[in-house]
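Notes follow once the structure below has been shown.
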Amino acid sequence: MDVKLNTIRLVRVLSLAGEILNNAVSFAVFCVLDFVDFILCFVYKVVDFWIESQWKPCYCSSAKQRIIEGDNILVSEECESKIVCLTSTNLQVEDISDTLYSRPSIVAQLSKFIINDLNKTKKTTVTSTFTIDSTIVEVLRRNVVPRWSDCDCKICNSWTSSRKDTLFVKAEGPKDKAREDVLFIHGFISSSVFWTETLFPNFSTTVKSTYRLLAVDILGFGRSPKPTDSLYTLREHVEMIEKSVLEAFQVKSFHIVAHSLGCILALAIAAKHPGSIKSLTLLAPPYFPVPKGEPATQYIMRRIAPRRVWPVMAFGASVACWYEHISRTICLVVCKNHRLWEFITKFITRNR
C-alpha cells in the first residue's frame, strides 16, 4: 500500500515538474521566436521592396493600417466615403477576425505601444463591405503574378493562366440522369484528391449511376485560385462554392460530406440554404466549447495554438498560427522548392 502511494506521489511530482519545465522552456523559446518574427518582418519588407519595388503591409500592423497602406481606392456612396480594398477576386473591405491581427507577443506589443503613442492624432475610418463592378475585378485578375517567394511552377500557377474565377470541381456520375447530388468539401492542407483518390474509386456502380459526385478544391487549395491578397473569409469561401458548384452545375438540392475545415463551410452553406440540404455528414468537425464571458476567437486560438514546445503538435500549431514571417520562411524553404523535395523523396523511396 505504501509503495502504491509513493508511486502516485512520485508521478504527481514528476508531472508537476514536467509542466513547470515545459512552461519555462516554452516561455524562453517563444520569447526568442517573438523577436525573430519581429526582425523577419523588416527583413521581408526590405527584400520585397528590393525585388518587387513595393511591400505589402503584413498582419503585424493593425487592420486599419493595412487597409490604408495596401492597394486601395476611395469611393463615395450617398455622400459617405468608403475605403475599398482591391483583391484579385473582389473589391471590398471584409469583416476580419480579431485573431488575424490580435496575436500578442512581447516585442510586437511593445512596438505597437510606441507607434500608437506617436500616432495618437492620426484618425482612420474603416467601413463595411462594399463591392465594385466585376469588369474591374477581371482587369485586376489579368495582372495577378506570383510573388518572388511563391512557387512559380506550372501546377501551382495553373489557375492564373485561366480567366476563370471559379473553383476547381471534380465531377463524377451521370450529368442529366442523376437522382441526387453530393458535394464533398475537404479540410485544411488538403484538396479534392482527399475524396477522389480514396472514396470515389470504391463507390459501387449503383452509387455512381445514381448520384452525381462533386468534389471541390476550396479557395486557396489544390487547383483552385490562390489570390495572395484575399483574407479567405468564411463569406468568400461560401460564395465561391455557390458560384462554382451550386450555380455552375445547377444544383438545387444536395447532400454534403465534409471533413475538418470543410465542416465549418458545410454548416455555413446549410445555414444559408436550409431548404436545399438533404443530409449533412461531418467528419472530424472542429468544435471547441467556449466558457461564458470568454472572447471566443481568442480562446480557441489559445486552445489550438497554446504557445508550448510540448507536445510537438502544439508547438507546430503555435508557430504556424502566431508567427506570420517565420511561417513565410518555412514556406519559402519547403513550398517554393517542393519539386526538389518531391524528387528527393521519390529518389529515397524509389519512386513510391
Side-chain angles (χ1 to χ4, degrees), residues 15-16 18-38 41 58-66 93-113 116 126 128-129 185-190 218-220 230-238 258-272 280 282-328 330:
S15 178
L16 179 61
E19 187 177 348
I20 293 172
L21 180 62
N22 187 25
N23 289 341
V25 173
S26 296
F27 178 79
V29 168
F30 281 95
C31 279
V32 173
L33 291 178
D34 286 345
F35 181 74
V36 171
D37 197 68
F38 180 77
C41 174
C58 57
Y59 298 112
C60 298
S61 58
S62 67
K64 295 180 180 181
Q65 183 181 348
R66 182 179 174 88
V93 175
E94 294 282 5
D95 290 329
I96 303 169
S97 169
D98 62 338
T99 57
L100 190 60
Y101 293 96
S102 301
R103 293 178 284 185
S105 69
I106 296 174
V107 178
Q109 285 195 326
L110 180 62
S111 63
K112 284 180 183 178
F113 175 79
N116 290 337
V126 179
S128 58
T129 301
I185 309 176
H186 64 81
F188 189 59
I189 317 182
S190 186
I218 64 176
L219 187 66
S230 170
L231 291 174
Y232 296 93
T233 60
L234 181 62
R235 188 197 60 78
E236 280 183 289
H237 280 297
V238 171
H259 172 248
S260 187
L261 168 65
C263 296
I264 299 174
L265 306 183
L267 290 171
I269 293 171
K272 195 171 182 180
L280 194 60
L282 306 179
L283 308 176
Y287 173 69
F288 298 92
V290 179
K292 190 175 181 180
E294 283 274 1
T297 51
Q298 291 292 336
Y299 176 81
I300 294 171
M301 180 80 163
R302 293 196 300 270
R303 284 284 305 275
I304 296 174
R307 291 172 65 91
R308 292 289 179 270
V309 295
W310 187 262
V312 177
M313 284 293 289
F315 178 70
S318 298
V319 172
C321 291
W322 289 89
Y323 300 108
E324 176 186 354
H325 305 291
I326 292 176
S327 295
R328 184 180 177 184
I330 295 171

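A distance of 10.0 Å separates OG in Ser260 from CG in Leu265, rounded to the nearest 0.5 Å. From Cys321, atom SG reaches atom CE of Met301 across 5.0 Å, with rounding to the nearest 0.5 Å. The structure places CG of Leu267 at 9.5 Å from CD1 of Ile185, a figure rounded to the nearest 0.5 Å. The CG atom of Leu21 sits 11.0 Å away from the CG atom of Leu16 when rounded to the nearest 0.5 Å. If you take NZ on Lys272 and CZ on Arg235, they are separated by 8.0 Å, rounding to the nearest 0.5 Å. The distance from atom OG of Ser15 to atom CG of Asn22, rounded to the nearest 0.5 Å, is 10.5 Å.
Of all non-hydrogen atoms in Val309 and Ser26, the two that sit nearest each other are N-OG, 3.0 Å. Across every non-hydrogen atom of Glu324 and Asp37, the tightest pair is N-OD1, 3.7 Å. Residues Ser327 and Val319 approach most closely at OG-O, 3.4 Å, considering heavy atoms. Residue Pro291 comes nearest to Tyr299 through the heavy atom pair CD-CZ, 3.4 Å, listed as atom of the first residue, atom of the second, then distance. Of all non-hydrogen atoms in Ala317 and Ala305, the two that sit nearest each other are O-CB, 3.7 Å.
Taking the side chain as every heavy atom from C-beta outward, Ser190 and His259 never approach each other to under 4.5 Å. Looking only at side-chain heavy atoms (C-beta outward), His325 and Phe38 stay at 4.5 Å or farther from each other. Looking at Val29 and Phe315, their side chains come closer than 4.5 Å, going by heavy atoms from C-beta outward. Ile218 has its side chain out of reach of Tyr232: every pair of non-hydrogen atoms, C-beta onward, lies at least 4.5 Å apart. Using a 4.5 Å heavy-atom threshold, the side chains of Val25 and Trp310 count as separate. The shortest distance between side-chain heavy atoms of Leu261 and Pro286 does not fall below 4.5 Å.
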Verdict with reasoning, Phe30 to Tyr323, per side-chain contact (heavy atoms from CB on, under 4.5 Å): CA-CA 10 Å; Phe30 281 95; Tyr323 300 108; 3.2 Å; yes
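A salt bridge between Glu294 and Arg302 is present, with a side-chain N of the basic residue lying under 4.0 Å from a carboxylate O of the acidic one. A salt bridge links Asp34 with Arg307; the closest basic N to acidic carboxylate O contact falls under 4.0 Å.
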